[in-house]
Visitor: 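Before anything else, here's the structure in question.
Here the structure is a predicted model, which means the values were calculated and not measured.
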Amino acid sequence: MNVNQIIEGALSDLVNGNIWPLSCPLETPAAEYIVYNPELEKPEIFGDDTDLEWTHYMQIHWYKKGDGKKPANYIEKRKEIRSRLRNAGFTMSDIQEFFEKDTGFTHLCFSCNIEEEMQ
């Protein structure tokens with residue numbers, strides 16, 4: 001399974017399938033959705049001058065429309081996403097919270113990493 005499949009498998013049902021790599025393709029976004037992007041891919045273990053193990057550093061962005069111009073309550077969703085990513089094999093490094101006043105979306109950015117499955 002590749003990294004995208006792992007992320008989508010872990011989180012898709014939390015947002016009714018509204019999950020995409022890089023950006024939301026909808027002209028009018030759903031009230032709640034996730035987009036994700038690679039932050040960095042790098043080899044972590046070498047042997048005989050060959051990269052043996054790679055780690056994928058990812059950002060997972062959760063968006064939820066609040067009531068009017070008020071932020072959405074994200075506490076339980078933050079815990080659920082963090083737990084599901086951990087259960088899928090990711091190591092969490094941080095979570096940043098944002099509120100986009102112009103759109104009314106609450107935005108959480110989860111930074112995490114996972115080792116690539118070697119073939």
Visitor: Output the distance between atom CD1 (Ile81) and atom CZ (Phe110), rounded to the nearest 0.5 Å.
Guide: 4.0 Å
Visitor: Tell me if a side-chain donor or acceptor on Lys65 pairs with a main-chain N or O of Ala72 at a distance below 3.5 Å.
Guide: no
Visitor: Between atom CD of Glu97 and atom CZ of Arg78, what is the distance when rounded to the nearest 0.5 Å?
Guide: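 It is 6.0 Å, given to the nearest 0.5 Å.
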Visitor: Between Ile75 and Leu11, is there a shared hydrophobic cluster once you connect ILVMFWY residues whose side-chain heavy atoms come closer than 4.5 Å?
Guide: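 Yes: a chain of side-chain contacts under 4.5 Å links Ile75 to Leu11.
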Visitor: Please determine whether residues Leu14 and Ile95 belong to a single hydrophobic cluster, defined as Ile, Leu, Val, Met, Phe, Trp and Tyr linked transitively by side-chain heavy-atom distances below 4.5 Å.
Guide: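 Cluster IDs for Leu14 and Ile95 match.
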Visitor: How far apart are the closest heavy atoms of Ile60 and Cys112, and which atoms are they?
Guide: CG1-SG, 4.0 Å
Visitor: What I'd like to find out is whether the side chain of Thr106 reaches to under 4.5 Å of the side chain of Asn73, using heavy atoms alone.
Guide: no
Visitor: Considering all heavy atoms of both residues, which atom of Val35 and which atom of Ser23 are nearest to each other, and what is their separation?
Guide: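 Closest pair (atom of Val35, atom of Ser23, distance): CG1-C, 3.5 Å.
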Visitor: Parallel, tilted or perpendicular: which one describes the rings of His61 and His107, with boundaries at 30° and 60°?
Guide: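 His61 and His107: tilted rings.
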Visitor: What verdict does the side chain to side chain contact (heavy atoms under 4.5 Å, CB included) test give for Ile7 and Phe90, after you've listed the backbone C-alpha separation in whole Å, the side-chain angles of each residue and the deciding distance to 0.1 Å?
Guide: CA-CA 9 Å; Ile7 291 169; Phe90 285 88; 3.6 Å; yes
Visitor: Work out which heavy atom in Met58 is nearest to a heavy atom in Tyr36; give both atom names and the distance.
Guide: CE-CD1, 4.0 Å
Visitor: Of the non-hydrogen atoms in Leu22 and Pro38, which two are nearest, and what is the gap between them?
Guide: CD2-CD, 4.2 Å
Visitor: Take atom CG in Asp94; do more than 12 heavy atoms of anything else shown fall under 6.0 Å from it?
Guide: yes
Visitor: Test side chain to side chain contact (heavy atoms under 4.5 Å, CB included) on Tyr63 and Val15; report intermediate values, then the result.
Guide: CA-CA 10 Å; Tyr63 294 89; Val15 291; over 6 Å; no
Visitor: Do Phe105 and Tyr33 have side chains that get closer than 4.5 Å, going by heavy atoms?
Guide: yes
Visitor: Can you find a heavy atom in the side chain of Ile6 that is under 4.5 Å from one in the side chain of His56?
Guide: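 Side chain of Ile6 against side chain of His56, heavy atoms only: no contact under 4.5 Å found.
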Visitor: If every non-hydrogen atom of Gly89 is compared with every non-hydrogen atom of Ile114, which pair is closest and at what distance?
Guide: O-CG1, 3.5 Å
Visitor: Taking all heavy atoms of Lys42 and all of Trp54, pick out the closest pair and write down the distance.
Guide: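 Looking at all heavy atoms of both residues, the shortest contact is C-CE3, 3.3 Å.
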Visitor: Using side-chain heavy atoms (C-beta onward) and a distance below 4.5 Å, is Gln5 in contact with Asn2?
Guide: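 Sidechains of Asn2 and Gln5: in contact.
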Visitor: About how many Å separate CZ of Arg82 and NZ of Lys79, when rounded to the nearest 0.5 Å?
Guide: 7.5 Å
Visitor: Does the side chain of Glu8 come under 3.5 Å of the side chain of Trp20 through a donor N or O and an acceptor N or O?
Guide: no
Visitor: Apply side chain to side chain contact (heavy atoms under 4.5 Å, CB included) to Arg84 and Asp13, showing your working.
Guide: CA-CA 11 Å; Arg84 286 182 179 219; Asp13 67 311; 2.5 Å; yes
Visitor: Counting distance only, does the side-chain N/O of Ser93 pair as donor-acceptor with the main-chain N or O of Ser111 below 3.5 Å?
Guide: yes
Visitor: Does Val3 share a hydrophobic cluster with Trp62, counting links as ILVMFWY side-chain heavy atoms below 4.5 Å and allowing steps through other members?
Guide: yes
